[in-house]
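Following: one structure in structure tokens, then a few remarks.
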Amino acid sequence: REDGIEAVDIATPNFLHYEATKAALEAGLHVICEKPLFFEVEQGEEIKKLAEEKGKIVCVTYGFSGFEMLQQMRAMVTSGKLGKINMIDLRYAHGFGCDPEGDVKSEGQRWRVDPKKVGRAFVLGDLSTHTYYMSQLICPDQKLKQVLCDRQAFVGSRYPLEDNAYVLMRYEDGAVGRMWCSCVNAGDMSSQHIRIVGSKASLEWNDARPDIVRYQVQGEPEQILYRGMDYLAPEAQEDERLGALHYTGLIESWSNLYGRFAVAMDAKNRGDEETLKNLIYPDLEHGIDGIKWINACAESADKGAVWVDVK
Ligand SMILES: NC(=O)c1ccc[n+]([C@@H]2O[C@H](COP(=O)([O-])OP(=O)(O)OC[C@H]3O[C@@H](n4cnc5c(N)ncnc54)[C@H](O)[C@@H]3O)[C@@H](O)[C@H]2O)c1
């Protein structure tokens, strides 16, 4: 395209996804769209046809599915390490919707509890579509056949939408599953759990420690598999960006640090000593402290492990 635009990323409230996706495809652009995609399957089929005609793709931002260890789980499931998959146990249940005030005060929450804007479901769409996709990623051969869902609005004003739901699942090959999704699971701040149970072994992952997968073979000691290690499947290693030892979240830590450096530089430029005094970041003094530390330790060791002054 002459304007250089190749794709559109749609991050509006749910009820706008369909029209925006359609318009972008008609304009000859690839689409990245937030979940849940649209309200009706027919809309999805129509968009599929349009995308094919236009030779474009539509991607959905199930954002938690990029964790490397989920690829590892998929590799282990598809290579038969677990035996036949019998149970798929899923949970995305946090407590951030406990306060009904949020439904009124927060713009981002107001549309989420309005059926015209969010669709037929609240947490089933907002939360569990993520975990459901992640289970499809891990177990690509499991085809869902039936569900039995019980849903509640513990914050009554959300009715007929739900803020809590339990779903039982039946798969075509006889496997079964369950999903708990909730935003009124008071006190739970890390909320996604996935357990895949096979006839020989199980895998378990949760979002509080995304760098590890628990691998449990019946009758054997449990193994903890770590991100970034050579023993992982090639598909998992392909996603590695930090290297073993460095844990997920390190990039955000660096980013926070650079943010503080920028504020400090700006304060210095403006002669704002008050801001500089209150800003906590590793500065020249801390750098010099590091040199003193190394030299004192080395001197102590070289003298035969004796006490030396840090200077
Ligand atoms: N993938 C994820 O992990 C994830 C996380 C949060 C939200 N979401 C999804 O992202 C979407 C937005 O959620 P949110 O929490 O950011 O909501 P939000 O209400 O905080 O933000 C929505 C944004 O859309 C803008 N907007 C509204 N109408 C518009 C229009 N007609 N044209 C252009 N912009 C418009 C609003 O001004 C606002 O900036 C939802 O579909 C939600 O399900 C996905």
Side-chain angles (χ1 to χ4, degrees), residues 3 5 7-27 29-41 43-44 47 57-71 90-138 151 153 155 157-158 160-165 167 179-185 188-194 205-208 210 239 248-249 251-252 255:
D3 58 15
I5 301 173
V8 172
D9 194 328
I10 300 165
T12 59
N14 302 358
F15 71 106
L16 296 161
H17 293 176
Y18 166 72
E19 290 297 343
T21 301
K22 197 169 160 181
L25 286 173
E26 274 164 356
L29 299 166
H30 294 294
V31 175
I32 300 168
C33 185
E34 275 301 340
K35 47 42 71 176
L37 198 52
F38 314 131
F39 288 176
E40 303 298 338
V41 173
Q43 294 174 320
I47 292 294
I57 60 164
V58 176
C59 315
V60 186
T61 45
Y62 291 122
F64 307 102
S65 62
F67 285 111
E68 173 181 337
M69 294 314 272
L70 302 178
Q71 292 290 344
L90 308 170
R91 180 184 129 174
Y92 193 168
H94 62 61
F96 286 95
C98 281
D99 182 3
E101 285 286 293
D103 294 4
V104 185
K105 286 190 183 152
S106 150
E107 194 193 333
Q109 182 72 353
R110 255 199 314 274
W111 66 260
R112 279 178 162 81
V113 292
D114 176 352
K116 285 195 286 302
K117 295 187 173 168
V118 76
R120 292 179 69 184
F122 173 21
V123 292
L124 282 162
D126 207 39
L127 305 180
S128 73
T129 46
H130 279 289
T131 328
Y132 175 58
Y133 169 69
M134 285 149 83
S135 73
Q136 290 180 303
L137 168 72
I138 297 166
R151 62 174 175 168
V155 173
S157 55
R158 291 172 182 158
L161 299 173
E162 78 294 338
D163 51 24
N164 188 79
V167 188
M179 167 86 76
W180 174 27
C181 67
S182 183
C183 69
V184 290
N185 179 22
D188 197 325
M189 260 74 68
S190 90
S191 45
Q192 283 202 84
H193 293 239
I194 297 177
W205 178 90
N206 73 71
D207 60 1
D239 283 339
T248 296
I251 289 171
E252 287 77 8
S255 162

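When a ligand or atom number is given, it counts from 1 through the structure's own listing order. Keep in mind that what you see is a predicted model, and the values were worked out from it rather than measured.
By heavy-atom distance, the residue among Glu19, His130, Arg110 lying nearest atom 3 (O) of ligand 1 is His130.
A donor-acceptor contact shorter than 3.5 Å links the side chain of Thr129 to the backbone of Gly125. At least one donor-acceptor pair closer than 3.5 Å links the side chain of Ser182 to the backbone N or O of Val184. For Trp111 (side chain) and Val118 (main-chain N/O), no donor-acceptor pair under 3.5 Å exists by modelled atom type.
Distance check, rounded to the nearest 0.5 Å: OG of Ser157 to CG of Asp103 gives 5.5 Å. Here the straight-line distance linking atom OG1 of Thr131 with atom CD1 of Ile194 works out to 6.0 Å at 0.5 Å rounding.
Scanning the protein heavy atoms around atom 29 (C) of ligand 1, the nearest turns out to be Leu16 CD1, 3.7 Å. In this structure, the protein non-hydrogen atom closest to atom 21 (O) of ligand 1 is Ala11 O, 4.5 Å. Looking from atom 25 (C) of ligand 1 to the surrounding protein, the closest heavy atom is Pro13 CD, 4.4 Å. The protein non-hydrogen atom at the shortest distance from atom 4 (C) of ligand 1 is Glu34 OE1, 3.5 Å. Atom 20 (O) of ligand 1 has as its closest protein heavy atom Gly108 CA, 3.8 Å. Protein heavy atom nearest atom 41 (O) of ligand 1, with residue, atom name and distance: Asn14 OD1, 2.7 Å. For atom 33 (C) of ligand 1, the nearest protein heavy atom (residue, atom name, distance) is Thr12 CG2, 3.8 Å. Nearest to atom 38 (C) of ligand 1 among the protein's heavy atoms is Glu107 OE2, 4.7 Å.
The His17 neighbourhood of ligand 1 comprises atoms 41 (O), with distances under 4.0 Å to a heavy atom of that residue. For ligand 1, the atoms closer than 4.0 angstrom to any heavy atom of Asp126 are 43 (O).
The nearest protein heavy atom to atom 27 (C) of ligand 1 is closer than 4.0 Å.
The proximity of Lys35 to ligand 1, defined as any non-hydrogen pair under 4.0 Å, involves the side chain as well as the backbone. Of all the heavy atoms of Trp111, the ones lying under 4.0 Å from any atom of ligand 1 belong exclusively to the side chain.
In this pair, Phe64 and Tyr92 present their aromatic rings perpendicular. The plane angle is above 60°, beyond the 30 to 60° band.
In this structure, Arg112 counts as a contact residue of ligand 1, since one of its heavy atoms falls inside 4.0 Å of the ligand.
Contact of the His94 side chain with the Leu127 side chain is registered, since non-hydrogen atoms from C-beta on lie closer than 4.5 Å.
Taking a cutoff of 4.0 Å between a charged side-chain nitrogen and a carboxylate oxygen, Asp99 and Lys105 do not qualify as a salt bridge.
Between Ala7 and Leu29, the shortest heavy-atom contact is N-CD2, 4.2 Å.
Across Arg158, Arg151, Arg112, a single residue satisfies salt bridge (charged side-chain N to carboxylate O under 4.0 Å, His left out) together with Asp163, and that is Arg158.
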